[in-house]
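Predicted model only: the values in this text are computed from it and were never measured. Every heavy atom of this structure was used, including side-chain atoms; hydrogens, water molecules and symmetry mates were not.
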Number of protein chains: 2
Amino acid sequence: MNSEFTIAVHSLVFLAYLPEHMASSDVIAKNVSTNPARIRKVMSCLRKGGFVKTKEGIGGGYILNGDPQEITLAQIYRTVACGTIKPHWCTGDPEQNCMISSNLQSVMDDIFNEADLYFEQYLNRITLSFVLERIKQNK
Amino acid sequence: MNSEFTIAVHSLVFLAYLPEHMASSDVIAKNVSTNPARIRKVMSCLRKGGFVKTKEGIGGGYILNGDPQEITLAQIYRTVACGTIKPHWCTGDPEQNCMISSNLQSVMDDIFNEADLYFEQYLNRITLSFVLERIKQNK
DNA sequence: TGTATCTGTATCATTTATGATTACAGTATC
DNA sequence: GATACTGTAATCATAAATGATACAGATACA
C-alpha cells in the first residue's frame, strides 16, 4: 500500500480541522512529519482531483475544496494510490511451458484488481468528517 | 502487500496441479522463478499452518495436505501475510500537541486493520481449485 | 553404516523501493 | 522589485525486499 494515501488523508483531515480550512505545505509537512516537497507532490495530485485549491504567493497555501462530510477515502484512494494493493513482484515465467508458471501471474492480477474494488467500497463509507470524529474520540 | 502471499498461492496451486500433489523446493522454485531457500521459508510457514506435509531425504519434498476445493486464499493470507495491507510509514508525531498529528496514525491503523478483514472476506471465496480453473481457461 | 538428497534456518550481498534533501523556475502578493 | 508561496525535477541517503550461500539435521537407500 502506498504511503502517499496516508499523507493525502492526513493533509485533508488537517485542513478540515483548521478553522480557515487552509495551510501552507510547510505547516502541513510539520504536522505530518515529513518534508514540504513531498506534501506539495501529493497536494498537487489532490488539486488535479479537485479536493483542494491552490493559492500561490505570500499568505498562500492549500484550501480544502469540498464538504468534509462528503469527501470519502475512496475518492482519495483512487486519486493518489489506485492499484497499490498489488505487490510489485511477479511470479512465474511467461516463457515456461507449464501453464501454472506462465499463466498464474495474470490470474493473480485479476484477483488483486478485484480486491482493489472491494477495498474502495469499504473506503467509500469513510468520510473526512468520520476520521476527524474518531480522532476527537481518541483524544 | 507481501509477495510471499503470491509465492504461497503459486506453490500450493502448483502442488494441486501435479498428479502426485508433491514436489521439492527446487522444482517449485523453478516454476515460481525464485530460489529454493525462499520457497522453503514460505513452505515452512505453510506446513505450520497445516497446508502441506514435509518429507525429508531422497525423493522428498512437499505434499499438499487438504482438498484444493476447500483451501481458500483467505486461509493462506492469514498464515503468511496477515496485516500486510497497511503501509510501514507512520504519519504524524505522537509528541505534538495537535491532536491530528498525534492521533491520526492510530485511526489509520484501525482503518487498515478493518480493511484487512474485508480483504480476507473477499479471499475467502477463492479456492485453490478456482485459481486452477482460471489458469486452464487462460491457457 | 556411509552417502546422497532433501528440509529448516541463518547470514550476507545485492538490488530495488522509498523517502529526504536540494534546487530552481513560475506565480501571486504587498 | 522583494518576499513567500507552489510545481516539479534531480539527486542522495536509507530502508526494505530479494537473491545467494552455507550448513546442521533428517531421511532414504544401497
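Taken residue by residue, residues 17-48 of chain B places heavy atoms nearer than 4.0 Å to DNA chain D at T34(B), N35(B), A37(B), R38(B), R40(B).
Here L46(B) contributes atom CG and N65(B) contributes atom CG; the two are 11.0 Å apart, rounded to the nearest 0.5 Å. For the atom pair CD1 of I126(B) and CZ of F130(B), the computed distance is 6.0 Å after rounding to the nearest 0.5 Å. To the nearest 0.5 Å, the span separating CG on N31(A) from OG on S101(B) amounts to 4.5 Å. The line from CD of E20(B) to CD1 of I63(B) is 10.0 Å long, rounded to the nearest 0.5 Å. We find the CZ-OG1 distance between R78(A) and T72(A) to be 6.5 Å, quoted to the nearest 0.5 Å.
Using a 30° and 60° split on the angle between ring planes, F5(A) and Y77(A) fall in the perpendicular class, above 60°. F14(A) and H10(A) have perpendicular rings, their planes meeting at more than 60° on a 0 to 90° scale where under 30° would count as parallel.
In terms of heavy atoms, E4(B) sits closest to K41(B) at OE2-NZ, 3.2 Å.
When each of N103(A), V107(A), I111(A) is checked for a side-chain contact (heavy atoms from CB on, under 4.5 Å) with R134(B), only V107(A) meets the rule.
Within the 4.5 Å cutoff, the side chain of I7(B) has no heavy atoms near those of the V80(B) side chain.
First and last contacts of DNA chain D with chain B, using any nucleotide atom under 4.0 Å from a protein heavy atom and ordered 5' to 3', fall at dA17(D) to dA28(D). Note that the first and last nucleotides of DNA chain C, 5' to 3', having any atom under 4.0 angstrom from a heavy atom of chain B are dA4(C) to dG19(C).
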